[in-house]
**Q** 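Quick one: this structure, given as structure tokens, is what I'll be asking you about.
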Amino acid sequence: MSRLRFPTWSLLGGRSDEEAMLRVKTHDDHQEFARLVKRWETPIRRLCARMTGDLERGEDLKQEAFLRLFEKRKDYQPTGRFSTYLWRIALNLCYDELRRRERRREFLRTKTDTDEEAPGDEPVAESPGPDARVASLEEGELVRRALLKLPEIYRSVLVLRHYEDLKLAQIAEVLGIPEGTVNSRMAEALNRLSRILEPAFRDLRESVAEPGPIPMPRESFVL
Amino acid sequence: MNHPTSEEWVPYLYGEVEKSTKRRLKQHLQTCAECRTQLLLWKRSLRRLDAWRMTSAERPTLAFAPLLKWAAAAMLLLAAGIGVGRSMSTNANLDRVRARVEPELRQQLRQEFALILRKELEKTASLTLATARDQARTLVADSASNLETKRLESNQAIYSALDRLFLSLKKDVDTVAVYTDASLRRLAQSANGEPASDSTQP
């Protein structure tokens with residue numbers, strides 16, 4: 001992400017992200033590593049939270065991502081951008097988390113079937129909190145749910161392009177796929193997203209027009 | 001009509017296409033309502049993604065940028081002052097040189113700081129204006145879409161009411177026609193001296 005690479009910092013004698021990571025790799029430089037964390041923790045936390053739909057998991061995954069970065073410092077190759085390397089680590093952790101979550105759901109589903117209990121609707125995501133029903137009226141919550149309904153391959157391109165402002169070419173680098181594939185995934189992502197959001201926002205408008213309970217803002221839903 | 005593929009529209013949507021491609025796609029949009037609708041739908045969905053927003057600063061580390069610029073300006077001015085001082089130190093004593101350089105330095109520093117401050121303020125103001133403009137645009141677009149839906153619904157209701165009215169009128173006219181016909185038949189029969197029959201009654 002070029003706008004976060006701080007040319008001013010470099011002009012003043014600071015290191016670029018790539019140089020800093022190389023110092024971490026070759027000298028185990030903790031100070032440089034701390035600087036990298038400080039520069040990148042917010043975008044990485046945001047990415048993880050949006051991929052998992054869960055702010056707290058986003059924070060945990062961010063920490064895991066930097067831990068993994070330090071553990072794998074010897075594997076770092078300064079041929080590409082540092083940011084590409086870091087985005088990839090964080091995304092892989094998100095994919096692992098989502099797979100674990102899916103396995104947990106599968107297990108619960110099997111258990112419910114075995115126990116012959118009435119199967120309820122499968123939740124879209126892990127429960128975001130006790131006041132989710134109130135928050136479900138919020139547009140932000142609708143968007144969070146819509147994104148979680150998208151398969152990971154579509155969600156990742158949307159999150160990286162829209163929220164993190166990566167160019168399509170850089171998304172291709174991060175995901176290790178051709179740029180044409182990024183474009184086709186993005187087109188499909190936008191089609192699916194529109195199919196989910198159009199009726200959801202229409203229903204929301206209608207429910208707002210009718211008198212009902214006042215929706216309260218829910219802080220934990222806002223990243 | 002040959003439509004560009006969805007994959008071609010994605011870089012166009014994000015302004016990541018070459019000028020010639022952009023021109024071609026723009027020309028197509030002017031003549032193709034189908035692609036125009038598709039693109040508008042995508043844009044609306046993208047705008048809606050912004051509803052899931054951040055509370056913390058979007059780029060917290062950027063807060064250091066103005067400080068770094070100030071520090072850079074101060075360092076440059078100090079370096080210039082030291083340079084001037086050194087060049088004059090061979091034929092004058094240090095205090096006199098400092099006395100001559102200091103007001104000038106202070107003045108330059110003040111001007112630089114004022115300039116930087118003004119730039120930062122202008123930048124912040126334009127950012128705020130841009131955000132407000134975007135939000136207003138989103139609101140207007142949503143309201144327009146809402147109004148359009150309402151208008152279509154009203155039209156539909158009017159059409160169905162008119163249909164019902166037409167059917168009811170037609171039925172009435174049919175009934176009147178049948179009665180008239182029966183009356184005429186009765187009249188004709190009575191004129192011919194035949195007894196009236198009820199068989200033609202509707």
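Both backbone and side-chain heavy atoms feed into the values below; hydrogens, waters and symmetry mates do not. Just so it is clear: chains get the letters A, B, ... in the order the sequence lines come, proteins before strands, and each one is counted from 1.
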**Q** Do A/F201 and B/D142 come within less than 4.5 Å of each other through their side chains, counting heavy atoms only?
**A**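 A/F201 does not reach B/D142 side chain to side chain.
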**Q** Distance from B/W9 atom CH2 to A/L190 atom CG, nearest 0.5 Å?
**A**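 Those atoms lie 13.5 Å apart.
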**Q** Which heavy atom of A/E139 sits nearest a heavy atom of B/A51, and at what distance?
**A**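 In this case the closest contact between A/E139 and B/A51 is CB-CB, 3.8 Å.
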**Q** Give the minimum heavy-atom separation between A/G180 and B/E7, together with the two atoms involved.
**A**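 Heavy-atom minimum between the residues: O-CG, 4.2 Å.
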**Q** Rounded to the nearest 0.5 Å, how far apart are NE2 of A/H162 and CH2 of B/W52?
**A**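 CH2 of B/W52 is found 11.5 Å from NE2 of A/H162.
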**Q** With only heavy atoms counted, which part of A/E198 is less than 4.5 Å from chain B, the side chain, the backbone, both or neither?
**A**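 Both backbone and side chain of A/E198 come within 4.5 Å of chain B.
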**Q** Return the OH to CG distance between B/Y14 and A/D165, rounded to the nearest 0.5 Å.
**A**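 One finds 9.5 Å between OH of B/Y14 and CG of A/D165.
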**Q** Return yes when atom CD of A/E56 has more than 12 non-hydrogen atoms of other residues, nucleotides or ligands closer than 6.0 Å, and no otherwise.
**A**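 Incorrect, the count does not exceed 12.
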**Q** With a 6.0 Å cut-off (strictly less than), is the heavy-atom count around CZ of B/R106, excluding the residue itself, greater than 12?
**A**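 Open.
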**Q** A side-chain contact here means heavy atoms from C-beta on lying under 4.5 Å apart; do B/R44 and A/L197 qualify?
**A**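 Not in contact.
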**Q** If you count heavy-atom pairs under 4.5 Å with chain A, which of B/D50, B/T5, B/L13 comes out on top?
**A**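 Top option by heavy-atom pairs under 4.5 Å: B/D50.
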**Q** Do other residues, nucleotides or ligands put more than 12 heavy atoms under 6.0 Å from the CD atom of B/E148?
**A**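 Yes, CD of B/E148 has more than 12 neighbouring heavy atoms, counting only those of other groups under 6.0 Å.
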**Q** Please name the pair of heavy atoms, one in A/S194 and one in B/W42, separated by the smallest distance, quoted to 0.1 Å.
**A**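 For A/S194 and B/W42, the tightest heavy-atom pair comes out as OG-CD1, 4.0 Å.
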**Q** Kindly check if the number of other-residue, nucleotide or ligand heavy atoms within 6.0 Å of CD (B/Q107) is above 12?
**A**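 It does: B/Q107 CD has more than 12 such atoms within range.
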**Q** How long is the straight-line distance from OG of B/S45 back to CZ of A/R192, given to the nearest 0.5 Å?
**A**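 Between atom CZ of A/R192 and atom OG of B/S45 there are 14.0 Å.
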**Q** In Å, rounded to the nearest 0.5 Å, how long is the span from CZ of A/R202 to CG of B/N146?
**A**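 The CZ atom of A/R202 sits 10.5 Å away from the CG atom of B/N146.
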**Q** In terms of heavy-atom proximity below 4.5 Å to chain A, should B/E8 be classed as side chain, backbone, both, or neither?
**A**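 For B/E8, no heavy atom lies under 4.5 Å from chain A.
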**Q** Count the heavy atoms belonging to other residues, nucleotides or ligands that lie under 6.0 Å from CD of A/E102, then report whether that count exceeds 12.
**A**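 Correct, the count exceeds 12.
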**Q** Evaluate the side-chain proximity of B/V10 to A/R185: yes if any heavy-atom separation is below 4.5 Å, no if none is.
**A**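 Answer no - side chains too far apart.
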**Q** Using a cut-off of under 4.5 Å for heavy-atom pairs, which of A/L193, A/L147, A/L168 has the most such pairs with chain B?
**A**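 Winner by heavy-atom pair count: A/L168.
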**Q** Using a cut-off of under 4.5 Å on heavy-atom pairs, state which of A/K167, A/E41, A/R161 scores highest against chain B.
**A**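 The answer is A/R161.
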**Q** Between A/I196 and chain B, with a heavy-atom cut-off of 4.5 Å, which part of the residue counts as in contact: side chain, backbone, both or neither?
**A**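 Neither part; nothing is under 4.5 Å.
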**Q** At what distance, to the nearest 0.5 angstrom, does CG of B/L41 lie from CG of A/N191?
**A**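 These two atoms lie 8.0 Å from each other.
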